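Quick note on labels: first sequence line is chain A, next is B, and so on, each numbered from 1. The shown structure was predicted, so the numbers you read here are calculated from the model rather than taken from an experiment.
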Amino acid sequence: MGVQLGGVLPKLEMGLEELRGKKVAIDAMNSLYQFLAIIRQRDGEPLRDSKGRVTSHLSGLFYRTANLIEAGISPIYVFDGEPPRLKRKTLEDRRALREKAAREWARALQEGRIEDAKKYAEQATRVDEWVIKDAKTLLNLMGLPWVQAPGEGEAQAAHMVRRGDAWAVGSQDFDSLLFGAPVLVRNLAITGRRKLPGKDVYVEVRPEVIELTRVLSELGITREQLVDVGILVGTDFNEGIKGVGPKKALEFVKKHGSLERAFEGMDLGVDLEEIRKIFLEPGVSDDYELKWGDPDPEGIKDFLCGEHDFSEQRVQVGIQKLMKGKGEKKQSSLEKWF
DNA sequence: CTGTCATA
DNA sequence: TATGACAGG
């Protein structure tokens, strides 16, 4: 879920064309979760192959990534490692919520409430280990680099942007800003259709770019204070304060300067320093290699069509997009040479 | 989510 | 050419 800061952050809406030629460090967990949550039939059942194995994540990852590459954008998928100790409670809470949703899903199906079924199916979404493994296999076949983070993927992705290995972090969550990402890009998809949560209503959305320096200067706060705003609203590592959204949290931090001052003598019920450290000094690694290789068309077809019953025709179109993007990349580096 | 096909 | 409904796996 991440920290909910939407609404108070300055953003720039862009066309996909403006992102051409850029590398984006994408939060893999975030993407896979969304594919699994949304790529479903009307009763909430995910896509499956003939052996009953779920394939929604492969569908989303393959077609979206092929589109990004065709658009000249180079995705670098970053996978989560070990969660910080403080995230355990959040993860357990989410598991309980998923299990409840799964029961509601079954009940809604039984009672023929199809729309409810779909809603609960979405809430029951979980990213299992085999989903990650499938994703890495597919990325390897597509000739794309991916990075294993030691800790939080968003932190590693932010680190990679700071090092200049990518232009921006791609995620729907705002956490990477707290992790110090200079640029965050949201809504990184081709078709501008996005479903409003809980309803079958779609709205047009464009990629939106959020720059950390602009955020801090326009809000008039430091990154440390932005982290404190997040802590008040709630993060993956603490619950936040009931009734406090980004607006109030921002007012609060600006008025008092820090959470210690604001809550002098009161017990916030959280280890402030430990949470701040997660965002300000996260566990990240420089030990990664970014190498773009050629896509392996036969391997992709064996995996998606042979193993998982994808349509050869559709997959072929995807492969062509990968080749086309690859060709353009070669061309642009050649152009630089001359 | 993305792709495709029918419809205007 | 644009929009909507539905299938995909």
Side-chain angles (χ1 to χ4, degrees), chain A residues 1 15-17 19 24 26-73 75 77 105 109 114-115 117-128 130-135 137-139 141-142 144 170-173 185-208 295 299-325:
Chain A
M1 195 79 253
L16 211 59
E17 320 76 52
L19 275 44
V24 181
I26 298 182
D27 179 3
M29 199 60 69
N30 189 282
S31 303
L32 293 172
Y33 178 84
Q34 274 163 5
F35 295 146
L36 286 168
I38 293 167
I39 305 179
R40 289 173 185 270
Q41 308 174 104
R42 271 189 299 288
D43 60 358
E45 271 297 314
L47 302 186
R48 295 176 189 276
D49 63 23
S50 55
K51 289 182 176 161
R53 294 171 298 196
V54 171
T55 54
S56 296
H57 57 306
L58 293 173
S59 177
L61 185 64
F62 181 69
Y63 295 122
R64 174 176 291 179
T65 305
N67 280 334
L68 289 178
I69 286 171
E70 187 187 34
I73 299 165
Y77 286 92
W105 177 17
L109 271 182
I114 298 297
E115 279 174 30
K118 181 144 191 232
K119 182 181 79 188
Y120 290 123
E122 268 183 48
Q123 293 170 6
T125 300
R126 49 182 222 196
V127 181
D128 290 321
W130 53 263
V131 172
I132 313 265
K133 195 166 158 259
D134 278 353
T137 299
L138 181 57
L139 292 171
L141 292 169
M142 294 169 87
L144 297 174
S171 177
Q172 287 306 105
D173 287 354
V185 55
R186 305 178 72 235
N187 304 337
L188 192 60
I190 304 307
T191 68
R193 257 162 51 101
R194 181 124 326 159
K195 200 167 97 61
L196 258 37
K199 293 195 169 173
D200 262 339
V201 178
Y202 289 84
V203 290
E204 281 294 312
V205 285
R206 280 147 56 84
E208 68 189 37
I300 292 172
K301 281 185 239 170
D302 286 347
F303 184 57
L304 291 182
C305 309
E307 285 276 311
H308 294 297
D309 305 308
F310 277 56
S311 139
E312 291 234 12
Q313 204 190 349
R314 285 190 180 194
V315 167
Q316 186 56 44
V317 173
I319 291 171
Q320 269 154 8
K321 290 179 180 177
L322 294 178
M323 305 284 212
K324 190 174 148 200

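- A donor-acceptor contact closer than 3.5 angstrom links the side chains of A:Asp309 and A:Ser50.
- Taking only side-chain nitrogens and oxygens, A:Lys321 comes nearer than 4.0 Å to OP1 or OP2 of B:dG3.
- Residue contacts shown for A:Ser56 are absent, as no nucleic acid heavy atom lies under 4.0 Å away.
- A:Asp134 pairs with exactly one of A:His57, A:His308, A:Arg53 by the side-chain hydrogen bond (donor to acceptor under 3.5 Å, both in side chains) rule, that one being A:His57.
- Atom pair A:Phe62:CZ and B:dG3:P shows a separation of 10 Å (rounding to whole Å applied).
- Taking atom CD1 on A:Ile26 and atom C1' on B:dC1, their separation rounds to 14 Å, with Å as the unit.
- Close to B:dT2, at under 4.0 Å from its OP1 or OP2, lies a side-chain N or O of A:Arg64.
- Comparing atom distances between the A:Arg48 side chain and each of C:dG9, C:dA7, B:dC1 picks out C:dG9 as nearest.
- The distance from atom CG of A:Leu61 to atom P of B:dG3 is 13 Å, rounded to the nearest whole Å.
- In this entry the distance linking CD of A:Glu70 with C1' of B:dT2 reads 13 Å, nearest Å.
- Phosphate contact (OP1/OP2 of C:dA7, side-chain N/O of A:Arg42, threshold under 4.0 Å): present.
- Across the protein-nucleic acid pair, A:Ile114 atom CD1 and C:dA5 atom C1' stand 17 Å apart, rounded to whole Å.
- Taking the side chain of A:Ser59 as heavy atoms from C-beta on, and the options B:dG3, C:dG8, C:dA7, the nearest nucleotide is C:dG8.
- Of the candidate nucleotides B:dC1, C:dG9, B:dG3, B:dG3 has the atom nearest to the side chain of A:Asn67.
- Following rounding to the nearest Å, A:Glu312 (CD) and B:dG3 (P) show an atom-to-atom distance of 18 Å.
- Within the 4.0 angstrom heavy-atom criterion, no nucleotide atom of any strand lies near A:Arg53.
- In plain terms, the two heavy atoms of A:Ser171 and A:Asp27 that are nearest each other are OG-OD2, 3.8 Å.
- With distances taken from any side-chain atom of A:His308 to the nucleotides C:dA7, C:dG9, B:dT2, the minimum falls on C:dG9.
- Closest approach of A:Leu322 to A:Ala66, counting heavy atoms only: CD2-CA, 3.9 Å.
- Between A:Tyr33 and A:Met1, the closest side-chain pair of non-hydrogen atoms is not below 4.5 Å.
- As rounded to whole Å, 13 Å separates atom P of B:dG3 from atom CD of A:Gln320.
- Closest approach to the A:Thr55 side chain among C:dG9, B:dT2, C:dA7 is made by C:dG9 (side chain taken as heavy atoms from C-beta onward).
- Distance A:Leu304 CG to B:dT2 P: 16 Å, rounded to the nearest Å.
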